[in-house]
Amino acid sequence: MRLGMVIDLKRCVGCQACTVACKAENGTSPGIMYTKVLDQVSGTYPNVRKQFVPVLCNHCRNAPCERVCPTGATHKREDGIVLVDHDKCIGCRACYVACPYNNRIFLKRGKLKEGYYGKKMTPYERAKYPEHQDGIVEKCKFCSHRIDEGLTETSCVQTCPADARIFGNLDDPESKVSRLIRSRGGRQALCEDDTDPSVYYLD
Amino acid sequence: MGRSIPLVEKEFVAGFRQQTEWAGLIASAFFFGKVGSGLFIMSVFLQSRLGMLIGLLIVLCGKGGAHMLYLGRPLRFWRAMSRPGSSWVSRGIWAMSLMLAAGFIAISLPPGSPLFMPLAIFAVICAFVVAVYDGFLLTSSPAIPIWNTALMPVMCMFYALLGGTTMVLFLKHLGFIQLSGKFTALLPSVEITLLVVNLLIVLLFLVGSINTGSAGRESFDLLVKGPYAVPFFALVIGVGLVFTLLMSFVAGPRAGAGTVALITVADLIGHYFIFFLLLKVGVFKPVLGFLKI
(Lines give C-alpha, C1' and ligand atoms only; values in the text may rest on other atoms or scores of the structure.)
Protein backbone atom coordinates (compact mmCIF):
# COMPACT_ATOMS: atom_id res chain seq x y z
CA MET A 1 0.00 0.00 0.00
CA ARG A 2 1.21 3.48 -0.82
CA LEU A 3 -0.88 6.31 0.54
CA GLY A 4 -1.04 9.45 -1.53
CA MET A 5 -3.01 12.55 -2.30
CA VAL A 6 -4.46 14.07 -5.44
CA ILE A 7 -5.00 17.83 -5.51
CA ASP A 8 -7.39 19.17 -8.10
CA LEU A 9 -6.18 22.69 -8.91
CA LYS A 10 -9.39 23.43 -10.83
CA ARG A 11 -11.44 22.85 -7.70
CA CYS A 12 -9.28 24.64 -5.13
CA VAL A 13 -10.80 27.98 -4.18
CA GLY A 14 -7.92 29.13 -1.95
CA CYS A 15 -10.03 29.33 1.21
CA GLN A 16 -7.21 28.00 3.46
CA ALA A 17 -9.71 25.77 5.28
CA CYS A 18 -7.16 22.94 4.92
CA THR A 19 -4.48 25.13 6.50
CA VAL A 20 -6.69 25.83 9.50
CA ALA A 21 -7.91 22.23 9.79
CA CYS A 22 -4.31 21.00 9.79
CA LYS A 23 -3.35 23.49 12.48
CA ALA A 24 -6.31 22.44 14.60
CA GLU A 25 -5.63 18.74 14.11
CA ASN A 26 -1.96 18.98 14.98
CA GLY A 27 -2.05 21.89 17.43
CA THR A 28 0.92 23.65 15.88
CA SER A 29 2.32 26.87 17.30
CA PRO A 30 1.97 30.28 15.60
CA GLY A 31 3.65 30.45 12.19
CA ILE A 32 3.99 26.67 11.87
CA MET A 33 1.96 25.24 9.01
CA TYR A 34 2.32 21.70 7.69
CA THR A 35 0.17 22.64 4.71
CA LYS A 36 -0.90 25.92 3.15
CA VAL A 37 -2.31 27.25 -0.08
CA LEU A 38 -0.10 29.47 -2.24
CA ASP A 39 -1.32 31.98 -4.80
CA GLN A 40 0.19 31.79 -8.25
CA VAL A 41 -0.45 34.66 -10.64
CA SER A 42 0.63 35.04 -14.23
CA GLY A 43 0.26 37.76 -16.83
CA THR A 44 -0.57 41.46 -16.60
CA TYR A 45 -3.93 43.16 -16.38
CA PRO A 46 -6.30 42.56 -18.12
CA ASN A 47 -4.82 39.25 -19.25
CA VAL A 48 -4.28 37.62 -15.90
CA ARG A 49 -4.64 34.10 -14.61
CA LYS A 50 -4.56 33.08 -10.99
CA GLN A 51 -4.51 29.64 -9.47
CA PHE A 52 -4.19 28.30 -5.95
CA VAL A 53 -1.53 25.72 -5.19
CA PRO A 54 -1.96 23.73 -1.99
CA VAL A 55 1.45 22.54 -0.77
CA LEU A 56 2.44 19.96 1.83
CA CYS A 57 5.04 17.27 2.39
CA ASN A 58 5.00 15.11 -0.75
CA HIS A 59 5.88 11.88 1.10
CA CYS A 60 8.26 10.96 -1.72
CA ARG A 61 9.03 7.35 -2.51
CA ASN A 62 12.66 8.38 -3.10
CA ALA A 63 12.75 11.03 -0.35
CA PRO A 64 15.92 13.18 -0.29
CA CYS A 65 15.13 14.17 3.30
CA GLU A 66 15.31 10.53 4.38
CA ARG A 67 18.57 10.02 2.51
CA VAL A 68 20.37 13.02 4.03
CA CYS A 69 19.11 12.60 7.61
CA PRO A 70 22.19 11.71 9.71
CA THR A 71 20.26 10.18 12.61
CA GLY A 72 17.54 8.12 10.94
CA ALA A 73 14.92 10.42 12.50
CA THR A 74 13.30 10.79 9.09
CA HIS A 75 11.95 7.40 8.14
CA LYS A 76 9.32 5.87 5.93
CA ARG A 77 6.48 3.59 6.98
CA GLU A 78 5.30 0.61 4.96
CA ASP A 79 2.34 2.64 3.73
CA GLY A 80 4.71 5.27 2.26
CA ILE A 81 4.19 7.95 4.91
CA VAL A 82 7.43 9.79 5.70
CA LEU A 83 7.69 10.67 9.38
CA VAL A 84 10.13 12.42 11.71
CA ASP A 85 10.97 10.71 15.01
CA HIS A 86 10.99 13.66 17.40
CA ASP A 87 13.28 11.89 19.87
CA LYS A 88 15.95 11.22 17.25
CA CYS A 89 15.99 14.55 15.41
CA ILE A 90 18.98 16.76 16.33
CA GLY A 91 17.82 19.85 14.43
CA CYS A 92 20.68 19.90 11.88
CA ARG A 93 18.24 20.93 9.15
CA ALA A 94 19.96 18.89 6.44
CA CYS A 95 16.46 17.70 5.47
CA TYR A 96 15.24 21.29 5.25
CA VAL A 97 17.75 22.16 2.52
CA ALA A 98 17.33 18.78 0.80
CA CYS A 99 13.54 18.97 0.39
CA PRO A 100 12.80 20.37 -3.10
CA TYR A 101 9.29 21.28 -1.96
CA ASN A 102 10.51 23.39 0.96
CA ASN A 103 7.94 21.77 3.23
CA ARG A 104 9.97 21.19 6.36
CA ILE A 105 9.69 23.50 9.31
CA PHE A 106 12.25 24.05 12.03
CA LEU A 107 10.80 24.78 15.47
CA LYS A 108 13.17 27.27 17.05
CA ARG A 109 14.08 26.80 20.71
CA GLY A 110 11.41 28.44 22.84
CA LYS A 111 8.81 28.27 20.09
CA LEU A 112 6.52 26.19 22.29
CA LYS A 113 6.63 28.60 25.21
CA GLU A 114 4.20 30.98 23.54
CA GLY A 115 0.78 30.40 22.06
CA TYR A 116 -1.54 32.51 19.97
CA TYR A 117 -2.27 34.76 22.93
CA GLY A 118 1.27 35.24 24.18
CA LYS A 119 2.65 33.39 27.19
CA LYS A 120 -0.82 32.55 28.52
CA MET A 121 -1.77 29.39 26.67
CA THR A 122 -5.24 28.22 25.84
CA PRO A 123 -6.37 24.83 27.20
CA TYR A 124 -6.11 23.46 23.66
CA GLU A 125 -2.51 24.63 23.32
CA ARG A 126 -1.68 23.16 26.72
CA ALA A 127 -3.08 19.82 25.56
CA LYS A 128 -1.47 19.82 22.11
CA TYR A 129 1.99 21.36 22.65
CA PRO A 130 3.38 18.35 24.56
CA GLU A 131 3.05 16.40 21.27
CA HIS A 132 5.78 18.66 19.82
CA GLN A 133 9.39 19.40 20.67
CA ASP A 134 11.29 22.58 19.97
CA GLY A 135 14.76 22.54 18.36
CA ILE A 136 13.74 19.91 15.81
CA VAL A 137 12.25 19.73 12.33
CA GLU A 138 8.56 18.97 11.79
CA LYS A 139 6.38 18.39 8.76
CA CYS A 140 3.07 17.02 7.50
CA LYS A 141 2.47 13.45 8.72
CA PHE A 142 -0.38 12.63 6.34
CA CYS A 143 -2.35 12.45 9.61
CA SER A 144 -0.71 9.11 10.41
CA HIS A 145 -2.39 9.13 13.83
CA ARG A 146 -5.81 9.24 12.12
CA ILE A 147 -4.84 6.48 9.68
CA ASP A 148 -3.65 4.35 12.60
CA GLU A 149 -7.06 4.80 14.22
CA GLY A 150 -8.78 3.47 11.13
CA LEU A 151 -9.87 6.76 9.59
CA THR A 152 -9.52 6.94 5.83
CA GLU A 153 -8.97 10.66 5.32
CA THR A 154 -6.53 13.24 6.52
CA SER A 155 -7.86 16.30 8.29
CA CYS A 156 -7.26 18.63 5.32
CA VAL A 157 -9.06 16.24 2.95
CA GLN A 158 -12.03 15.89 5.27
CA THR A 159 -12.31 19.67 5.64
CA CYS A 160 -11.86 20.79 2.03
CA PRO A 161 -15.22 22.31 1.03
CA ALA A 162 -14.48 22.03 -2.71
CA ASP A 163 -13.37 18.39 -2.71
CA ALA A 164 -10.07 19.56 -4.15
CA ARG A 165 -8.03 17.10 -2.08
CA ILE A 166 -8.51 13.36 -2.41
CA PHE A 167 -6.65 10.80 -0.32
CA GLY A 168 -6.17 7.12 -1.03
CA ASN A 169 -4.04 4.16 -2.00
CA LEU A 170 -1.89 4.85 -5.05
CA ASP A 171 -1.02 1.16 -5.41
CA ASP A 172 -4.68 0.21 -5.89
CA PRO A 173 -5.57 0.82 -9.58
CA GLU A 174 -9.26 1.03 -8.68
CA SER A 175 -8.89 3.62 -5.91
CA LYS A 176 -10.30 7.08 -6.53
CA VAL A 177 -6.84 8.67 -6.53
CA SER A 178 -5.47 6.19 -9.10
CA ARG A 179 -8.51 6.64 -11.37
CA LEU A 180 -8.20 10.43 -11.19
CA ILE A 181 -4.49 10.34 -11.97
CA ARG A 182 -5.18 8.07 -14.97
CA SER A 183 -8.17 9.92 -16.35
CA ARG A 184 -7.01 13.49 -15.73
CA GLY A 185 -3.28 13.05 -16.25
CA GLY A 186 -2.08 13.78 -12.71
CA ARG A 187 1.40 15.19 -12.52
CA GLN A 188 3.96 15.22 -9.77
CA ALA A 189 5.64 18.45 -8.73
CA LEU A 190 9.33 18.81 -9.58
CA CYS A 191 9.46 15.29 -10.96
CA GLU A 192 12.83 16.15 -12.54
CA ASP A 193 14.37 15.76 -9.09
CA ASP A 194 13.58 12.04 -9.21
CA THR A 195 11.81 12.06 -5.85
CA ASP A 196 8.65 10.26 -7.01
CA PRO A 197 6.29 12.21 -4.73
CA SER A 198 3.01 10.75 -3.47
CA VAL A 199 1.14 14.01 -4.11
CA TYR A 200 -0.29 14.48 -7.61
CA TYR A 201 -1.71 17.68 -9.08
CA LEU A 202 -4.55 17.80 -11.59
CA ASP A 203 -4.68 20.82 -13.92
CA MET B 1 9.37 34.24 -18.67
CA GLY B 2 11.60 33.17 -15.78
CA ARG B 3 11.94 36.73 -14.56
CA SER B 4 8.18 36.99 -13.91
CA ILE B 5 8.30 34.46 -11.04
CA PRO B 6 8.72 36.38 -7.78
CA LEU B 7 11.31 35.74 -5.08
CA VAL B 8 9.21 35.22 -1.97
CA GLU B 9 9.90 34.73 1.71
CA LYS B 10 7.12 33.56 4.01
CA GLU B 11 4.22 34.94 1.97
CA PHE B 12 1.53 32.57 0.71
CA VAL B 13 2.69 33.11 -2.85
CA ALA B 14 4.24 30.59 -5.24
CA GLY B 15 7.71 31.55 -6.42
CA PHE B 16 11.41 31.16 -5.85
CA ARG B 17 12.02 30.77 -2.14
CA GLN B 18 15.34 31.60 -0.49
CA GLN B 19 16.63 29.08 2.03
CA THR B 20 16.98 30.71 5.42
CA GLU B 21 18.16 27.96 7.76
CA TRP B 22 21.80 27.45 6.78
CA ALA B 23 23.70 30.71 7.17
CA GLY B 24 26.21 32.20 9.63
CA LEU B 25 26.94 29.27 11.96
CA ILE B 26 27.01 26.65 9.21
CA ALA B 27 29.30 28.93 7.16
CA SER B 28 31.52 29.26 10.26
CA ALA B 29 31.62 25.48 10.67
CA PHE B 30 32.55 25.04 7.00
CA PHE B 31 35.18 27.78 7.33
CA PHE B 32 36.86 26.40 10.46
CA GLY B 33 36.66 22.86 9.09
CA LYS B 34 38.50 23.80 5.92
CA VAL B 35 41.09 26.10 7.50
CA GLY B 36 41.81 23.63 10.32
CA SER B 37 42.01 20.56 8.12
CA GLY B 38 44.05 22.46 5.50
CA LEU B 39 46.51 23.58 8.17
CA PHE B 40 46.69 20.02 9.53
CA ILE B 41 47.41 18.53 6.09
CA MET B 42 50.09 21.11 5.31
CA SER B 43 51.64 20.70 8.77
CA VAL B 44 51.93 16.91 8.42
CA PHE B 45 53.55 17.46 5.04
CA LEU B 46 55.95 20.03 6.56
CA GLN B 47 56.39 17.88 9.71
CA SER B 48 55.34 20.60 12.14
CA ARG B 49 53.72 19.20 15.28
CA LEU B 50 52.64 22.63 16.48
CA GLY B 51 50.93 23.30 13.14
CA MET B 52 49.16 19.93 13.43
CA LEU B 53 48.02 20.78 16.95
CA ILE B 54 46.68 24.21 15.94
CA GLY B 55 44.88 22.64 12.97
CA LEU B 56 43.25 20.05 15.22
CA LEU B 57 42.21 22.70 17.75
CA ILE B 58 40.67 24.85 15.01
CA VAL B 59 38.62 21.87 13.83
CA LEU B 60 37.67 20.79 17.37
CA CYS B 61 36.78 24.19 18.83
CA GLY B 62 35.87 26.17 15.69
CA LYS B 63 34.04 23.63 13.58
CA GLY B 64 32.78 21.51 16.47
CA GLY B 65 31.72 24.58 18.43
CA ALA B 66 29.85 26.14 15.51
CA HIS B 67 28.00 22.88 14.88
CA MET B 68 27.05 22.51 18.53
CA LEU B 69 25.78 26.10 18.66
CA TYR B 70 23.76 25.52 15.51
CA LEU B 71 22.07 22.24 16.38
CA GLY B 72 18.54 22.51 17.67
CA ARG B 73 19.22 19.64 20.08
CA PRO B 74 23.01 19.70 20.66
CA LEU B 75 22.99 17.05 23.39
CA ARG B 76 21.82 14.49 20.84
CA PHE B 77 24.75 15.25 18.48
CA TRP B 78 26.12 11.70 18.83
CA ARG B 79 23.07 10.40 16.98
CA ALA B 80 24.41 12.06 13.83
CA MET B 81 27.01 9.28 13.53
CA SER B 82 24.40 6.61 12.89
CA ARG B 83 23.92 6.83 9.12
CA PRO B 84 27.27 7.15 7.30
CA GLY B 85 25.88 4.90 4.56
CA SER B 86 23.71 7.64 3.09
CA SER B 87 24.22 10.93 4.90
CA TRP B 88 27.14 13.29 4.25
CA VAL B 89 26.53 14.91 7.65
CA SER B 90 27.17 11.51 9.24
CA ARG B 91 30.25 10.90 7.11
CA GLY B 92 31.59 14.34 8.00
CA ILE B 93 31.22 13.72 11.73
CA TRP B 94 32.92 10.33 11.45
CA ALA B 95 35.78 11.88 9.47
CA MET B 96 36.13 14.72 11.95
CA SER B 97 36.11 12.37 14.97
CA LEU B 98 38.66 10.00 13.43
CA MET B 99 40.86 12.90 12.33
CA LEU B 100 40.84 14.36 15.83
CA ALA B 101 41.48 11.00 17.52
CA ALA B 102 44.29 9.93 15.18
CA GLY B 103 45.78 13.43 15.09
CA PHE B 104 45.91 13.91 18.85
CA ILE B 105 47.36 10.40 19.40
CA ALA B 106 50.02 11.04 16.72
CA ILE B 107 51.04 14.33 18.32
CA SER B 108 51.27 12.78 21.77
CA LEU B 109 53.71 10.10 20.57
CA PRO B 110 57.40 10.67 21.32
CA PRO B 111 59.57 11.87 18.40
CA GLY B 112 60.80 9.00 16.25
CA SER B 113 57.93 6.68 17.14
CA PRO B 114 57.18 4.19 14.32
CA LEU B 115 53.46 4.76 14.85
CA PHE B 116 53.63 8.48 14.16
CA MET B 117 53.62 8.38 10.37
CA PRO B 118 50.83 5.75 9.90
CA LEU B 119 48.59 7.65 12.33
CA ALA B 120 49.43 11.01 10.75
CA ILE B 121 48.69 9.67 7.26
CA PHE B 122 45.37 8.24 8.45
CA ALA B 123 44.54 11.60 10.06
CA VAL B 124 45.47 13.38 6.81
CA ILE B 125 43.05 11.16 4.86
CA CYS B 126 40.31 12.00 7.38
CA ALA B 127 41.27 15.70 7.24
CA PHE B 128 40.88 15.57 3.47
CA VAL B 129 37.35 14.20 3.92
CA VAL B 130 36.62 16.96 6.48
CA ALA B 131 37.80 19.53 3.95
CA VAL B 132 35.64 18.29 1.08
CA TYR B 133 32.59 16.66 2.66
CA ASP B 134 30.63 19.90 2.97
CA GLY B 135 30.99 20.29 -0.79
CA PHE B 136 29.44 16.84 -1.25
CA LEU B 137 26.80 17.70 1.36
CA LEU B 138 25.74 20.75 -0.65
CA THR B 139 25.96 18.90 -3.96
CA SER B 140 23.79 16.05 -2.70
CA SER B 141 20.87 18.42 -2.11
CA PRO B 142 18.68 18.37 -5.24
CA ALA B 143 16.53 21.20 -3.92
CA ILE B 144 18.93 24.10 -4.44
CA PRO B 145 20.37 24.07 -7.97
CA ILE B 146 23.27 26.48 -7.42
CA TRP B 147 24.76 24.06 -4.88
CA ASN B 148 24.10 21.10 -7.12
CA THR B 149 27.38 21.17 -9.01
CA ALA B 150 30.42 18.92 -9.07
CA LEU B 151 32.64 22.00 -8.70
CA MET B 152 31.53 22.45 -5.08
CA PRO B 153 33.75 19.71 -3.54
CA VAL B 154 36.65 20.83 -5.76
CA MET B 155 36.23 24.40 -4.55
CA CYS B 156 36.12 23.18 -0.94
CA MET B 157 39.33 21.22 -1.39
CA PHE B 158 41.27 24.11 -2.95
CA TYR B 159 39.98 26.61 -0.39
CA ALA B 160 41.10 24.23 2.37
CA LEU B 161 44.58 23.92 0.85
CA LEU B 162 44.79 27.69 0.40
CA GLY B 163 43.64 28.33 3.98
CA GLY B 164 46.17 25.79 5.26
CA THR B 165 49.04 27.29 3.27
CA THR B 166 48.17 30.82 4.39
CA MET B 167 48.02 29.73 8.03
CA VAL B 168 51.37 27.92 7.76
CA LEU B 169 53.00 31.05 6.28
CA PHE B 170 51.43 33.15 9.03
CA LEU B 171 52.62 30.83 11.82
CA LYS B 172 56.09 30.66 10.27
CA HIS B 173 56.40 34.44 10.22
CA LEU B 174 55.27 34.60 13.84
CA GLY B 175 58.01 32.11 14.69
CA PHE B 176 55.71 29.26 15.76
CA ILE B 177 56.76 26.95 12.94
CA GLN B 178 60.31 26.26 11.77
CA LEU B 179 60.61 25.22 8.13
CA SER B 180 63.59 23.98 6.18
CA GLY B 181 65.04 26.28 3.50
CA LYS B 182 63.44 24.54 0.50
CA PHE B 183 59.96 24.70 2.07
CA THR B 184 60.44 28.36 3.00
CA ALA B 185 61.21 29.15 -0.64
CA LEU B 186 58.43 26.92 -1.98
CA LEU B 187 55.45 28.01 0.14
CA PRO B 188 54.92 31.52 -1.32
CA SER B 189 54.82 30.00 -4.83
CA VAL B 190 52.31 27.38 -3.64
CA GLU B 191 50.18 30.17 -2.15
CA ILE B 192 50.18 32.17 -5.40
CA THR B 193 49.36 29.06 -7.45
CA LEU B 194 46.46 28.18 -5.12
CA LEU B 195 45.13 31.74 -5.28
CA VAL B 196 45.13 31.65 -9.09
CA VAL B 197 43.48 28.20 -9.10
CA ASN B 198 40.82 29.36 -6.61
CA LEU B 199 40.10 32.46 -8.66
CA LEU B 200 39.64 30.28 -11.76
CA ILE B 201 37.39 27.84 -9.87
CA VAL B 202 35.18 30.66 -8.55
CA LEU B 203 34.89 32.10 -12.08
CA LEU B 204 34.08 28.64 -13.50
CA PHE B 205 31.50 28.14 -10.75
CA LEU B 206 29.83 31.44 -11.67
CA VAL B 207 29.78 30.64 -15.38
CA GLY B 208 28.39 27.17 -14.65
CA SER B 209 25.68 28.46 -12.32
CA ILE B 210 24.12 30.57 -15.10
CA ASN B 211 22.92 27.37 -16.73
CA THR B 212 21.58 25.52 -13.68
CA GLY B 213 17.95 26.25 -14.45
CA SER B 214 15.74 29.13 -13.42
CA ALA B 215 16.37 28.80 -9.67
CA GLY B 216 20.12 28.58 -10.27
CA ARG B 217 19.88 31.69 -12.39
CA GLU B 218 17.94 33.42 -9.61
CA SER B 219 20.74 32.53 -7.17
CA PHE B 220 23.33 33.77 -9.67
CA ASP B 221 21.47 37.08 -10.00
CA LEU B 222 21.29 37.46 -6.21
CA LEU B 223 25.02 36.87 -6.01
CA VAL B 224 26.27 39.12 -8.79
CA LYS B 225 23.50 41.72 -9.20
CA GLY B 226 21.34 41.59 -6.12
CA PRO B 227 21.86 42.43 -2.44
CA TYR B 228 24.86 40.10 -2.12
CA ALA B 229 26.81 41.52 -5.07
CA VAL B 230 28.73 44.11 -3.03
CA PRO B 231 30.03 41.68 -0.39
CA PHE B 232 30.70 39.09 -3.09
CA PHE B 233 32.79 41.31 -5.34
CA ALA B 234 34.37 43.35 -2.53
CA LEU B 235 35.12 40.65 0.06
CA VAL B 236 35.30 37.37 -1.86
CA ILE B 237 36.83 38.44 -5.17
CA GLY B 238 38.46 41.75 -4.23
CA VAL B 239 39.86 41.19 -0.75
CA GLY B 240 39.95 37.39 -0.62
CA LEU B 241 41.50 36.63 -3.98
CA VAL B 242 42.73 39.64 -6.01
CA PHE B 243 44.19 41.69 -3.13
CA THR B 244 45.72 38.56 -1.56
CA LEU B 245 47.18 37.54 -4.91
CA LEU B 246 48.67 40.97 -5.58
CA MET B 247 50.10 41.23 -2.08
CA SER B 248 51.56 37.72 -2.26
CA PHE B 249 53.02 38.44 -5.67
CA VAL B 250 54.48 41.85 -4.77
CA ALA B 251 55.64 41.12 -1.23
CA GLY B 252 56.55 37.49 -1.87
CA PRO B 253 58.92 35.65 0.45
CA ARG B 254 60.51 38.92 1.61
CA ALA B 255 57.29 40.02 3.27
CA GLY B 256 57.43 40.98 6.92
CA ALA B 257 55.17 39.62 9.63
CA GLY B 258 52.77 42.58 9.28
CA THR B 259 52.28 42.01 5.55
CA VAL B 260 51.80 38.28 6.04
CA ALA B 261 49.24 38.98 8.77
CA LEU B 262 47.39 41.29 6.37
CA ILE B 263 47.46 38.63 3.61
CA THR B 264 46.21 36.02 6.09
CA VAL B 265 43.32 38.19 7.30
CA ALA B 266 42.34 39.08 3.71
CA ASP B 267 42.45 35.44 2.64
CA LEU B 268 40.39 34.29 5.60
CA ILE B 269 37.79 37.03 5.02
CA GLY B 270 37.37 35.87 1.41
CA HIS B 271 37.28 32.25 2.55
CA TYR B 272 34.51 32.82 5.08
CA PHE B 273 32.36 34.99 2.88
CA ILE B 274 32.36 32.82 -0.22
CA PHE B 275 30.66 29.97 1.61
CA PHE B 276 28.48 32.29 3.66
CA LEU B 277 27.20 34.00 0.50
CA LEU B 278 26.76 30.72 -1.38
CA LEU B 279 24.57 29.51 1.47
CA LYS B 280 22.60 32.77 1.54
CA VAL B 281 21.81 32.76 -2.19
CA GLY B 282 20.45 29.19 -2.12
CA VAL B 283 17.03 29.34 -3.79
CA PHE B 284 14.32 26.65 -3.99
CA LYS B 285 12.45 26.14 -7.24
CA PRO B 286 8.73 27.05 -7.42
CA VAL B 287 6.75 23.88 -6.72
CA LEU B 288 4.66 23.89 -9.89
CA GLY B 289 6.97 25.91 -12.14
CA PHE B 290 5.45 28.40 -14.52
CA LEU B 291 1.79 29.26 -14.80
CA LYS B 292 0.78 29.83 -18.40
CA ILE B 293 -2.06 32.09 -19.42
Side-chain angles (χ1 to χ4, degrees), chain A residues 9 14 16 19 31 33 36-44 47-53 55 58 64-73 86-94 96-104 106-109 133-137 187 189-190 192-195 201 203, chain B residues 1 4-6 8 10-22 26 67 70-94 137-138 140-145 147-148 213 215 279 282-293:
Chain A
L9 297 176
Q16 304 283 1
T19 313
M33 278 155 283
K36 58 191 168 195
V37 182
L38 305 179
D39 292 1
Q40 193 173 25
V41 182
S42 180
T44 49
N47 300 313
V48 181
R49 186 180 161 203
K50 181 173 185 176
Q51 85 176 0
F52 300 106
V53 184
V55 291
N58 280 241
C65 55
E66 188 195 11
R67 191 174 65 238
V68 301
C69 178
T71 66
H86 289 187
D87 293 327
K88 282 188 181 175
C89 181
I90 58 172
C92 69
R93 284 157 268 181
Y96 169 91
V97 294
C99 172
Y101 309 98
N102 192 209
N103 276 316
R104 292 206 155 223
F106 176 68
L107 257 71
K108 289 192 174 119
R109 298 303 294 266
Q133 286 184 28
D134 57 4
I136 64 160
V137 171
R187 64 178 171 125
L190 300 176
E192 69 271 22
D193 287 335
D194 194 27
T195 52
Y201 290 90
D203 289 316
Chain B
M1 271 304 279
S4 66
I5 299 180
V8 295
K10 290 193 186 294
E11 309 95 293
F12 283 24
V13 176
F16 296 114
R17 213 165 276 270
Q18 233 176 310
Q19 78 84 18
T20 51
E21 292 293 342
W22 280 11
I26 289 289
H67 278 309
Y70 178 75
L71 288 181
R73 291 275 171 173
L75 294 179
R76 297 178 189 166
F77 81 95
W78 55 273
R79 283 190 181 275
M81 301 181 88
S82 55
R83 295 193 67 218
S86 70
S87 164
W88 275 103
V89 175
S90 238
R91 289 168 191 161
I93 290 184
W94 268 106
L137 173 63
L138 295 174
S140 66
S141 163
I144 297 174
W147 299 350
N148 210 237
L279 291 178
V283 168
F284 293 100
K285 294 169 266 189
V287 176
L288 283 187
F290 303 105
L291 175 66
K292 288 179 187 161
I293 292 186

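Below, chains carry the letters A, B, ... as their sequence lines are ordered, and counting in each starts from 1.
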Within a 6.0 Å radius of atom CZ on B/Phe77, are there more than 12 heavy atoms belonging to other residues, nucleotides or ligands?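 No.
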May I ask you to decide if [Y]'s main-chain N or O and [X]'s side chain share a donor-acceptor pair within less than 3.5 Å?
| X | Y | result |
| --- | --- | --- |
| B/Arg83 | A/Cys69 | yes |
| B/Ser86 | A/Val68 | no |
| B/Arg79 | A/Pro70 | no |

For A/Thr71 and B/Arg76: C-alpha separation, side-chain torsions, deciding distance, then whether side-chain contact (heavy atoms from CB on, under 4.5 Å) applies. CA-CA 9 Å; A/Thr71 66; B/Arg76 297 178 189 166; over 6 Å; no
Which one of A/Thr19, A/Asp87, A/Val37 has the most heavy-atom pairs closer than 4.5 Å to chain B?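 Sorted descending by pairs with chain B, the first entry is A/Asp87.
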Specify which of A/Lys108, A/Glu192, A/Gln16 makes the most heavy-atom pairs with chain B at under 4.5 Å.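 The answer is A/Gln16.
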Heavy-atom pair of closest approach, residues [X] and [Y]:
| X | Y | answer |
| --- | --- | --- |
| B/Ser140 | A/Arg67 | O-NH2, 3.6 Å |
| A/Arg93 | B/Trp22 | O-NE1, 3.5 Å |
| A/Ala98 | B/Ala143 | O-CB, 3.6 Å |
| A/Tyr96 | B/Gln18 | OH-O, 4.4 Å |

Just verifying a value: how many Å separate [X] [atom1] and [Y] [atom2], rounded to the nearest 0.5 Å?
| X | Y | atom1 | atom2 | result |
| --- | --- | --- | --- | --- |
| A/Leu190 | B/Leu288 | CG | CG | 7.5 Å |
| B/Ile93 | A/Cys92 | CD1 | SG | 8.0 Å |
| A/Asn102 | B/Thr20 | CG | OG1 | 7.5 Å |

Step by step, work out the side-chain contact (heavy atoms from CB on, under 4.5 Å) result for A/Asp193 and B/Lys285. CA-CA 11 Å; A/Asp193 287 335; B/Lys285 294 169 266 189; 2.8 Å; yes
Going through the checks in order, is the side-chain contact (heavy atoms from CB on, under 4.5 Å) test met by A/Asp134 and B/Arg73? CA-CA 8 Å; A/Asp134 57 4; B/Arg73 291 275 171 173; 3.0 Å; yes
Any non-hydrogen side-chain atom of A/Leu38 less than 4.5 Å from a side-chain atom of B/Arg17?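 Touching, per the 4.5 Å side-chain cut-off.
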For the interface with chain A, which of B/Gly282, B/Ala80, B/Ser141, B/Gly15 has the highest count of heavy-atom pairs at distances below 4.5 Å?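 Looking at each option in turn, the highest pair count goes to B/Ala80.
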B/Val287 and A/Asn58: CA distance, side-chain angles, deciding distance, side-chain contact (heavy atoms from CB on, under 4.5 Å) verdict: CA-CA 11 Å; B/Val287 176; A/Asn58 280 241; 5.7 Å; no
Where on [X] is there a heavy atom nearer than 4.5 Å to chain B: the side chain, the backbone, both, or neither?
| X | value |
| --- | --- |
| A/Val55 | side chain |
| A/Leu107 | neither |
| A/Val41 | backbone |
| A/Tyr101 | both |

Does any backbone or side-chain atom of [X] lie under 4.5 Å from a heavy atom of chain A? Answer side chain, backbone, both or neither.
| X | result |
| --- | --- |
| B/Pro84 | neither |
| B/Trp147 | side chain |
| B/Tyr70 | both |

Could you list the residues that satisfy side-chain hydrogen bond (donor to acceptor under 3.5 Å, both in side chains) with A/Arg104, not counting sequence neighbours?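 For A/Arg104 the side-chain hydrogen bond (donor to acceptor under 3.5 Å, both in side chains) partners, ignoring immediate neighbours, are A/Thr74.
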Non-neighbouring partners of A/Arg109 that pass side-chain hydrogen bond (donor to acceptor under 3.5 Å, both in side chains), sequence neighbours left out: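 For A/Arg109, no residue satisfies side-chain hydrogen bond (donor to acceptor under 3.5 Å, both in side chains) once neighbours in sequence are set aside.
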